Protein chains: 2
Amino acid sequence: MKPLNQNTEDAVSAIYAQLREMAASFAFKPGERINESALSRALGASRTPLREALNRLVAEGFVDFHAGRGFFCRALSETRIQHLYDARVAIECEAVRQATQRARPADLDAIELALDQSHDEYQTCTNPIRLMELDEAFHMQLTALSENAELQSLLATIYDKIRFVRTADLRRLQATGRSTTHRHKRIIAVMRTGDGMAASEAMRAHIQDRAQHAAEAVRLAFADIYAPKEASE
Amino acid sequence: MKPLNQNTEDAVSAIYAQLREMAASFAFKPGERINESALSRALGASRTPLREALNRLVAEGFVDFHAGRGFFCRALSETRIQHLYDARVAIECEAVRQATQRARPADLDAIELALDQSHDEYQTCTNPIRLMELDEAFHMQLTALSENAELQSLLATIYDKIRFVRTADLRRLQATGRSTTHRHKRIIAVMRTGDGMAASEAMRAHIQDRAQHAAEAVRLAFADIYAPKEASE
DNA sequence: AGGCACAGCTTTGCATGCATTGCAAGGTTG
DNA sequence: CAACCTTGCAATGCATGCAAAGCTGTGCCT
């Protein structure tokens with residue numbers, strides 16, 4: 001059995017990956033119309049594969065599509081951010097509950113080791129993007145222990161949507177000299193007791209704590225960088 | 001002010017809606033390759049809008065795309081069904097928790113009334129599709145009380161994916177002469193106490209009870225209707 | 001007999017083009 | 001002067017066509 005040409009990525013998938021990264025890093029202004037011709041030129045492809053990729057983003061909620069008018073970057077209202085954080089709570093709490101039942105001590109050791117190893121970098125890191133990657137890695141690793149591909153992919157999509165917000169939040173958190181490492185270690189500790197419910201509640205408290213701050217961070221960040229016309233939707 | 005042409009649905013959205021319905025009702029055999037030319041002819045459109053719609057389904061996980069080989073109906077392994085049910089638990093439990101806090105008594109009255117009104121139809125209905133619609137309506141109404149659009153859309157996608165399985169399950173449930181109405185009413189009753197945690201646990205128990213039976217139902221249904229080549233993925 | 005290679009046919013991948021529609025600027029009228 | 005209509009441009013919507021890649025069936029070789 002040959003590996004086929006899995007390596008020869010097709011244009012649509014390549015464009016999709018680029019667009020998703022652009023969307024996650026807010027290369028498009030919220031509410032802004034996306035010009036297909038210009039974007040296809042910028043990406044070195046034609047409009048057909050670009051539109052196919054954009055339709056994937058529509059299904060994922062990164063982009064809105066209005067018949068006859070085209071594609072628009074989806075605005076992130078404060079309400080929607082709250083909804084996304086609640087969805088995140090739903091998925092991560094269930095994932096950690098499952099993970100508590102499934103995970104072997106060695107799995108938890110591995111995650112805790114990763115936390116310890118990144119702790120120094122966490123303290124000294126000045127790049128908020130990297131900060132966010134470290135934080136996100138913990139949550140994704142933990143969710144992976146649930147061994148549920150659906151939960152993992154749902155969570156990955158949510159993280160892509162709130163990444164901008166979380167970056168702003170973590171930047172402010174670090175500015176206060178604190179880190180999330182010890183909070184993460186506490187969650188692992190609860191998981192070791194084998195009480196899935198308690199672990200789930202610990203995760204809930206952790207995320208909702210950040211949601212509070214994120215709501216404030218986004219207000220500042222939005223004012224700073226963009227002027228999102230409060231989408232009437 | 002004209003209504004614009006919001007009513008004039010564009011071809012891509014129309015095709016997408018049809019495809020999603022076809023996918024939910026398993027008009028494509030699991031693992032089967034989707035022939036673009038034939039399908040576009042059948043739908044009365046050309047391949048371009050069809051491919052755009054298919055790319056939305058790719059993002060939602062209904063369809064797999066392999067570069068150079070085309071689109072394939074995604075197979076539903078037993079493992080994946082379990083994962084989807086767990087994802088459903090995650091979302092519905094959080095939604096019911098939020099709903100318990102938000103919902104006014106009148107909201108719960110409305111849902112309970114709908115349950116009572118459909119109870120007779122539930123008992124006498126012989127169409128499993130209709131049976132499933134009634135059951136699904138309750139869960140979606142309840143989730144809507146969370147007032148979280150993200151949770152609602154995630155749940156709708158999951159329901160579309162497991163609809164076939166649930167239809168088989170509910171058919172068998174009804175054959176035993178029982179219904180889910182009283183289970184649903186019990187969940188509402190717990191919500192009235194205002195204890196979100198308890199309501200969440202009641203919902204969890206309800207779904208996981210059905211998940212047990214669904215796993216068995218799918219084994220039978222798969223054997224009956226399709227011969228899904230256990231996708232090596 | 002089994003497997004490999006090649007040829008042809010089918011299907012996908014994507015660029016292009018044209019019709020249609022939205023959008024905006026300028027002109028006209030009350 | 002403001003509101004409405006008109007007209008031109010630009011961008012979308014989608015069908016089509018061609019090149020490239022996959023699939024299949026046949027015949028040859030081992």
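Just so we're on the same page: letters track the sequence lines, and every chain starts at 1. Small disclaimer: the values here were computed from a predicted structure and weren't measured. Atom set for the values below is all heavy atoms of this structure, side chains included, hydrogens, waters and symmetry mates excluded.
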What nitrogen or oxygen pairs link the protein and nucleotides 5-7 of chain C at under 3.5 Å?
none

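The existence of a salt bridge linking A:Glu94 and B:Arg204 is confirmed by a sub-4.0 Å separation between a basic side-chain nitrogen and an acidic carboxylate oxygen. Taking 4.0 Å as the cut-off between side-chain N and carboxylate O, B:Arg163 and B:Asp160 count as a salt-bridged pair.
The two residues A:Lys161 and A:Glu60 make their nearest non-hydrogen contact at NZ-O, 2.6 Å. Nearest approach of A:Leu142 to A:Ala99, heavy atoms of both residues: O-CB, 3.9 Å.
Of the possible polar contacts, one joining the B:Arg33 side chain to the B:Arg69 backbone as a donor-acceptor pair under 3.5 Å is found.
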For this session: Scan nucleotides 8-17 of chain C nucleotide by nucleotide, 5' to 3', and note B when protein non-hydrogen atoms come under 4.0 Å of the base, S if they reach only the sugar-phosphate, - if neither.
Result: ---SBBBBBB
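With B:Ile91 as the partner, the side-chain contact (heavy atoms from CB on, under 4.5 Å) test is satisfied by one option alone out of B:Asp86, B:Leu154, B:Asn148: B:Leu154.
Not counting sequence neighbours, the partners of A:Thr79 by the side chain to side chain contact (heavy atoms under 4.5 Å, CB included) test are A:Ser77, A:His83.
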